[in-house]
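Report on the structure given below.
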Amino acid sequence: MLLTSNGIRNGVLKSAFADLVGKRFGAARVVFIPTASVAASGDHGWFIEDLSRLHDLGWREFDILELNGLPGQMVLERLRHADVIYAEGGNHYHLANSISANGLAEEMAGILEEKVYVGVSAGSMIFSKNLSEQTGEAFDEQDDLRILGETAPRSPFGLFDWYLKPHLNSRGFPNRTPAWFEKAAAKLDCPVYALDDDSAVRVRGDEVDVVSDGEWRLLNAPARETAGPGGQKVSRRGRARRLPAFRPARWLR
C-alpha cells in the first residue's frame, strides 16, 4: 500500500510506487475509484488534475469503477482484474460506508492482499480501526460526517491501530498547521500520521514506513519512538523512515 496525502505528485513517491508495482506501468492495469470524490462539494479541478496525472503514467489499461450502483460481483471482478487499485480523495466516510453497505468488505479485503493499493487523502484514511465519530470530531469533520445520517462511521477493514490525516501545511487547507494537528491528536489515544502533500505511508507486509519529499509527523507515538519535541517524528527530505513499532493488524475476515 502507498497511502498518500495528495497522490503521486513527486519523483520520490513515483519511485516508491513503481517499486511496489514491480513492472512497467505500461504492462500493468489500474482501476481508479472515484467514489469518495462524488460526496465532496465544490469545484473538482483537483480531481481532474490527479486523474490526468495518474493516466499520464501510461497504463496498459485504465479502468474507472464507481462502487455504488453496480452489482457487487461485477465490482469485485473488476477489482480482481487490476494490478493496482487507486482510490481517489473526497469524503472518506462515504467511501468507507460504500464498501460496507454494498457488502464488499470481506471479499475486497482478500483482493487487497494480492494487489497494490494507492490511496489519495480519503482513499488513505479508511483502514484505521480508529475511524469513528470521536476521531471525526477531533479533526472538525462534522460536515463530512453528516453524509452518514444515523449510520455510525467505521472502517470496513479495521487494519491499523494508527490514524492518518492528510494535507499538513497544504495551501488548499490553510488551517492544517502543525499546531492544528497537535491539538486534534491530543484528543485521541492513538498514533496519528500527519502527512503533507508530498508524503505517504507505505505498507509492505508487516513493515510500515513513510516515504516523503516533504514533511510529515507522527503524533501520540510511544516515548521510545519519538524524536524531537512534542512527541513528533519529522522526516528528512526524500528519505523513507521505518517505524517498526507500528505494524498493521491482521486482516479482519
Side-chain angles (χ1 to χ4, degrees), residues 1-5 7-8 13-25 27-36 54 57 59-68 70-89 92 95-131 154-164 190-191 193 195 200-211 240 242-253:
M1 287 184 169
L2 196 63
L3 305 178
T4 76
S5 174
I8 311 298
L13 294 179
K14 183 178 178 181
S15 177
F17 183 29
D19 182 62
L20 290 176
V21 174
K23 56 184 173 182
R24 295 183 301 106
F25 296 132
R29 298 181 175 93
V30 63
V31 59
F32 179 92
I33 299 175
T35 301
L54 179 66
L57 294 178
W59 300 90
R60 176 183 176 184
E61 181 179 290
F62 192 101
D63 189 15
I64 296 180
L65 177 62
E66 168 55 47
L67 299 183
N68 295 297
L70 293 174
Q73 286 305 310
M74 181 181 294
V75 171
L76 295 168
E77 287 171 9
R78 286 168 65 176
L79 292 174
R80 290 189 185 98
H81 182 68
D83 300 297
V84 177
I85 298 170
Y86 191 101
E88 187 54 84
H92 56 296
L95 176 58
N97 188 58
S98 296
I99 294 170
S100 297
N102 288 309
L104 302 173
E106 183 174 354
E107 290 192 62
M108 190 171 172
I111 292 170
L112 290 173
E113 291 189 60
E114 302 172 355
K115 307 296 180 181
V116 174
Y117 178 92
V118 178
V120 179
S121 189
S124 296
M125 299 173 67
I126 62 173
F127 297 97
S128 176
K129 297 175 184 177
N130 298 289
L131 183 66
R154 64 186 179 92
S155 171
F157 307 113
L159 181 59
F160 305 124
D161 60 3
W162 41 264
Y163 195 74
L164 184 154
C190 64
Y193 285 101
L195 301 181
V201 173
R202 177 173 55 184
V203 180
R204 296 174 293 180
D206 284 344
E207 181 181 341
V208 178
D209 62 5
V210 172
V211 181
R242 188 179 180 188
L243 303 172
F246 298 104
R247 294 183 174 182
R250 294 182 183 275
W251 286 102
L252 300 181
R253 294 192 181 278

### Query
Mind checking whether Leu20 and Arg204 have side chains closer than 4.5 Å, heavy atoms only?
yes
### Query
Should we count CZ of Arg60 as having more than 12 external heavy atoms under 6.0 Å?
no
### Message
Can you tell me if Lys14 has over 12 outside heavy atoms packed within less than 6.0 Å of its NZ?
### Response
no
### Task
Using side chain to side chain donor-acceptor pair (under 3.5 Å) as the criterion, list what pairs up with Arg80, not counting sequence neighbours.
Glu107
### Task
Name all pairs fulfilling the salt bridge (charged side-chain N to carboxylate O under 4.0 Å, His left out) condition that reach into residues 16-25, sequence neighbours left out, sorted by first residue then second.
Lys23-Asp83
### Summary
Hits for salt bridge (Lys or Arg N to Asp or Glu O under 4.0 Å) against Glu77, two or more places apart or cross-chain, chain-then-number order -> none
### Query
In Å, rounded to the nearest 0.5 Å, how long is the span from CG of Leu54 to CD of Glu88?
8.5 Å
### Task
Could you check Phe127 against Tyr117 for ring-ring contact (aromatic ring centres under 6.0 Å, His included), going step by step and ending with a plain yes or no?
CA-CA 12 Å; Phe127 297 97; Tyr117 178 92; 5.0 Å; yes
### Message
Just checking Arg154: does its CZ atom have more than 12 heavy atoms from other residues, nucleotides or ligands closer to it than 6.0 angstrom?
### Response
no
### Message
Contact between Ser155 and Ser128 at the side-chain level, heavy atoms closer than 4.5 Å - yes or no?
### Response
no
### Message
Run the side-chain contact (heavy atoms from CB on, under 4.5 Å) test on Thr4 and Val211 for me, step by step, so that the C-alpha distance in whole Å, both residues' side-chain angles and the decisive distance to 0.1 Å come before the verdict.
### Response
CA-CA 9 Å; Thr4 76; Val211 181; over 6 Å; no
#### Entry: Among Val31, Ile33, Leu79, side-chain contact (heavy atoms from CB on, under 4.5 Å) partner for Asp63
Val31
### Query
Going by an N to O cut-off under 4.0 Å, is there a salt bridge joining Asp161 and Lys129?
no
### Message
Is there a side-chain contact between Ile8 and Val118 in this structure, where contact means two heavy atoms from C-beta onward sitting under 4.5 Å apart?
### Response
yes
### Message
Taking the side chain as everything from C-beta on, heavy atoms only, tell me whether Phe160 gets closer than 4.5 Å to Val201.
### Response
no
### Task
Calculate, to the nearest 0.5 Å, the distance between atoms CG and CD1 belonging to Leu159 and Ile126 respectively.
10.0 Å
### Query
Hey, what do you get for CG (Asn130) to SG (Cys190), rounding to the nearest 0.5 Å?
3.5 Å
### Query
In Å, rounded to the nearest 0.5 Å, how long is the span from OG of Ser5 to OH of Tyr193?
15.0 Å
### Distance in Å, Met1 CE paired with Ile85 CD1, rounded so as to fall on 0.5 Å steps
8.5 Å
